[in-house]
Enquirer: 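Quick one: this structure, given as structure tokens, is what I'll be asking you about.
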Amino acid sequence: MENLQKNSLNDIYKKISSVIPEIEWKVHAPLIEKINKLKKEKNAVILAHNYQTPEIYHGVSDISADSLALAIEASKTQADIIVLCGVHFMAETAKLMNPKKKVLIPDMQAGCSLASSITGEDVRMLKEKYPGVPVVSYVNTSAEVKAETDVCCTSANAVKVVESLGVEKVIFLPDHYLANYVQKNTKVKIISWQGTCIVHEKFTGKEVEDIRKENPDIKIIAHPECPPDVISASDFAGSTSSMVKYVKEKQPKKVLLVTECTMSDNVQVENPNVQFIKPCNLCPYMKKITLKKIYDCLVNETNEIKISHNIAAMARKSVERMTQIGR
Ligand code: 13P
Ligand code: SF4
């Protein structure tokens, strides 16, 4: 048994040695071993977002994915405990999708600039200003905002969700740039909010164009949370999982993922023949999650997500409606 564990630890390191120096691995390995053992003992599942560090993504996570897939996986799991390695709204969404499970987040301070850009009160004000106009909220929002929402979406299905309503106009919140991206791809009139992602708003079209000039054979793929000039300068835009899929299927010689840069390390491990160009913007919230905090929250079952009954009942409807629409 111990040998088996050692072998699987060796296999993990073989996989990620190109992105984690040996000296760091020595710190990670004992925690990875303890977390994986504890996970089995407690019948827990670890769901990790694509922006988690390689030792989490490849070392302890059962499923690593974009926010839509994490919500769907949370609804299907048979585990007793879900440890959500990502940010707070993702853990809340998991709880909404599967309310009987214990959902833990390793750090309660793992927030999101988009989620904190708008409150339930703001949405009520918008509904008063635009009576009868349905509200589509990005999942990057609090449960309180979701409770005021008709249907949620992620970057993987935003256009599809907006068009599913069969209306001429929608309130789309809180990401101004995602709203802009949706507006370019639909005839439905979009009323947007002024939220932005502090990671993606930093990229500029000029930066992306300069990288293309230096690397004429590169494929550039951007997250739709980026400003419009970045998206126009890219070859493809899509959710984090569709970026992963693009690289896996097309195997470009060189690629730039215009998104949180840890993801490039994770995808590089799975695509050794692709060269990644990595300008680095990190999400400080995603980086709050560490192996030590995962271990502590699982061993003590702390940092449990709780949502008041009334809010949860209303918020659940908008998230379930989104998952029924799918990708
Ligand atoms: P995805 O749904 O594409 O994974 O994006 C979530 C997110 O927070 C991106 O910044
Ligand atoms: Fe929020 Fe941006 Fe971080 Fe995603 S990358 S969690 S949108 S702050």
Side-chain angles (χ1 to χ4, degrees), residues 47-53 56-57 61 63-74 84-94 97 105-118 136-142 145-146 152-161 172-182 192-203 221-227 230-231 234 236-247 257-267 279-289 319 322-323 325-327:
L47 304 182
H49 186 260
N50 288 323
Y51 295 162
Q52 292 297 296
T53 49
I56 296 175
Y57 183 102
S61 154
I63 288 157
S64 302
D66 66 4
S67 35
L68 180 59
L70 292 178
I72 294 169
E73 289 300 333
L84 199 302
C85 295
V87 292
H88 192 267
F89 76 79
M90 293 175 179
E92 265 192 345
T93 306
M97 294 303 294
I105 180 161
D107 189 325
M108 280 286 183
Q109 303 307 314
C112 167
S113 64
L114 283 170
S116 61
S117 73
I118 190 157
V136 178
S137 293
Y138 197 22
V139 277
N140 298 40
T141 45
S142 63
V145 166
K146 289 185 175 81
C152 286
C153 72
T154 74
S155 57
N157 63 5
V159 176
K160 197 172 173 191
V161 167
F172 186 97
L173 47 93
D175 187 354
H176 185 61
Y177 290 138
L178 181 62
N180 207 300
Y181 170 79
V182 174
S192 67
W193 186 251
Q194 283 302 325
T196 52
C197 160
I198 53 164
V199 178
H200 292 93
E201 71 176 351
K202 282 197 197 120
F203 293 106
I221 53 187
H223 196 277
E225 288 171 13
C226 291
V230 172
I231 296 183
S234 303
F236 170 78
S239 79
T240 55
S241 284
S242 41
M243 292 168 133
V244 176
K245 190 164 172 257
Y246 182 103
V247 176
L257 306 183
V258 193
T259 193
E260 214 274 2
C261 58
T262 317
M263 196 171 98
S264 295
D265 287 343
N266 292 332
V267 187
C280 203
N281 289 341
L282 286 171
C283 173
Y285 307 110
M286 287 280 180
K287 299 290 99 81
K288 285 198 174 287
I289 309 300
V319 183
M322 165 185 83
T323 54
I325 293 168
R327 210 169 272 271

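In listed order, ligands and their atoms are each counted from 1. Throughout, numbering of the chain's residues begins at 1 and tracks the sequence.
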Enquirer: For ligand 1, which is the ligand I care about here, please tell me if Glu225 has any N or O atom under 3.5 Å from one of the ligand's N or O atoms.
Expert: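 So ligand 1 has an N or O lying under 3.5 Å from an N or O of Glu225.
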Enquirer: Would you mind running through ligand 1 and noting each atom that sits below 4.0 Å from a heavy atom of His49?
Expert: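 What qualifies from ligand 1 is 1 (P), 4 (O), 5 (O), 6 (C).
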Enquirer: Looking only at heavy atoms of Asn50, does any of them come nearer than 4.0 Å to an atom of ligand 1?
Expert: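 Not so, Asn50 does not reach ligand 1.
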Enquirer: Determine whether Lys146 and Thr93 satisfy the following criterion, side-chain contact (heavy atoms from CB on, under 4.5 Å), listing intermediate values before the conclusion.
Expert: CA-CA 9 Å; Lys146 289 185 175 81; Thr93 306; 3.6 Å; yes
Enquirer: With heavy-atom distances below 4.0 Å as the criterion, list the atoms of ligand 1 near His200.
Expert: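 Heavy-atom distances to His200 below 4.0 Å select 10 (O).
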Enquirer: Under 4.0 Å from a heavy atom of Tyr51: give me the atoms of ligand 1 that qualify, with their elements.
Expert: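 Listed by number with element: 9 (C), 10 (O).
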Enquirer: At a 4.0 Å threshold, what atoms of ligand 2 neighbour a non-hydrogen atom of Ser113?
Expert: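 So the answer, numbered in order with elements, is 8 (S).
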Enquirer: Provide, to 0.1 Å, the distance between atom 2 (Fe) of ligand 2 and the closest protein heavy atom, together with that atom's residue and name.
Expert: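 For atom 2 (Fe) of ligand 2, the nearest protein heavy atom comes out as Cys197 SG, 2.3 Å.
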Enquirer: Check Tyr138 against Ser155 and note the closest heavy-atom contact, atom names and distance.
Expert: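 Closest pair (atom of Tyr138, atom of Ser155, distance): CE1-N, 3.4 Å.
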Enquirer: Show the numbers, then the answer: is there a side-chain contact (heavy atoms from CB on, under 4.5 Å) between Phe172 and Cys153?
Expert: CA-CA 10 Å; Phe172 186 97; Cys153 72; 3.7 Å; yes
Enquirer: Suppose I only count heavy atoms of Leu114 and a 4.0 Å limit; which atoms of ligand 2 are within that range?
Expert: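 Ligand 2 atoms under the 4.0 Å threshold to Leu114: 7 (S).
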Enquirer: Could you identify the single nearest non-hydrogen protein atom to atom 2 (O) of ligand 1 and state the distance to 0.1 Å?
Expert: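 Here the nearest protein heavy atom works out to Ser67 OG, 2.4 Å.
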Enquirer: Counting neighbours of NZ on Lys202 that are heavy atoms of other residues, nucleotides or ligands and sit closer than 6.0 Å, is the number greater than 12?
Expert: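 Count over threshold, so yes.
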Enquirer: I need the contact type for Glu225 against ligand 2. Using non-hydrogen atoms and a strict under-4.0 Å cut-off, is it side chain, backbone, both or neither?
Expert: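 For Glu225, only side-chain atoms sit under 4.0 Å from ligand 2.
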Enquirer: At a 4.0 Å threshold, what atoms of ligand 1 neighbour a non-hydrogen atom of Ser155?
Expert: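 Every atom of ligand 1 under 4.0 Å from some heavy atom of Ser155: 1 (P), 2 (O), 3 (O).
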Enquirer: Which atoms from ligand 1 have a heavy atom of Asp66 less than 4.0 Å away?
Expert: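 The list of qualifying atoms is 1 (P), 2 (O), 4 (O).
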Enquirer: Show your reasoning for whether side chain to side chain donor-acceptor pair (under 3.5 Å) applies to Thr196 and His176.
Expert: CA-CA 6 Å; Thr196 52; His176 185 61; over 6 Å; no
Enquirer: Atom 4 (Fe) of ligand 2: which protein heavy atom is closest, and how many Å away?
Expert: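 Protein heavy atom with the smallest distance to atom 4 (Fe) of ligand 2: Tyr51 CE1, 4.1 Å.
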Enquirer: Would a distance-only check, ignoring hydrogens and angles, find a side-chain to backbone donor-acceptor pair under 3.5 Å from Asn266 to Gln52?
Expert: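 Answer holds: yes.
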Enquirer: Within the 4.0 Å heavy-atom shell around Asn140, which atoms of ligand 2 are there?
Expert: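 So the answer, numbered in order with elements, is 7 (S).
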Enquirer: Side chain or backbone of Val139 under 4.0 Å from ligand 1, or both, or neither, by non-hydrogen atoms?
Expert: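 Looking at Val139 and ligand 1, no heavy atom falls under 4.0 Å.
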Enquirer: Below 4.0 angstrom from a heavy atom of Asn140, which ligand 1 atoms are there? Numbered from 1 as shown, please.
Expert: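 Listed by number with element, the hits are 7 (C), 8 (O).
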Enquirer: Checking side chain to side chain donor-acceptor pair (under 3.5 Å) against Tyr51, which of Thr262, Thr259, Thr240 comes through?
Expert: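 The side chain to side chain donor-acceptor pair (under 3.5 Å) with Tyr51 is passed solely by Thr259 among Thr262, Thr259, Thr240.
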Enquirer: What protein heavy atom lies closest to atom 1 (Fe) of ligand 2? Include the residue and the distance to one decimal.
Expert: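 So the nearest neighbour among protein heavy atoms is Cys112 SG, 2.4 Å.
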Enquirer: Using a strict cut-off of less than 4.0 Å between a Lys/Arg side-chain nitrogen and an Asp/Glu carboxylate oxygen, indicate whether Arg327 and Asp66 qualify as a salt bridge.
Expert: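 Salt bridge present between Arg327 and Asp66.
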Enquirer: Between Pro106 and Leu84, what is the shortest heavy-atom contact and its length?
Expert: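 Looking at all heavy atoms of both residues, the closest pair is CD-O, 3.3 Å.
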Enquirer: May I ask you to list the atoms of ligand 1 that are less than 4.0 angstrom from any heavy atom of His223?
Expert: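 Those qualifying, in numeric order: 1 (P), 3 (O), 5 (O), 9 (C).
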Enquirer: Could you tell me whether any N, O or S atom belonging to Cys283 is less than 2.8 Å from atom 3 (Fe) of ligand 2?
Expert: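 Yes, since at least one N, O or S atom of Cys283 sits under 2.8 Å from atom 3 (Fe) of ligand 2.
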Enquirer: Show me which atoms of ligand 1 lie under 4.0 Å from any heavy atom of Ser239.
Expert: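 Per the distance check, 3 (O).
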Enquirer: Hey, is the main chain of Leu282 close enough, under 3.5 Å, to the side chain of Lys287 for a donor-acceptor pair?
Expert: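 No; judged by distance alone, with no hydrogens or angles, the pair does not exist.
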Enquirer: Would you say Cys261 and Cys280 have SG atoms less than 2.5 angstrom apart?
Expert: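 Disulfide present: SG-SG distance under 2.5 Å.
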Enquirer: How long is the straight-line distance from SG of Cys112 back to CE of Met90, given to the nearest 0.5 Å?
Expert: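 The distance works out to 7.5 Å.
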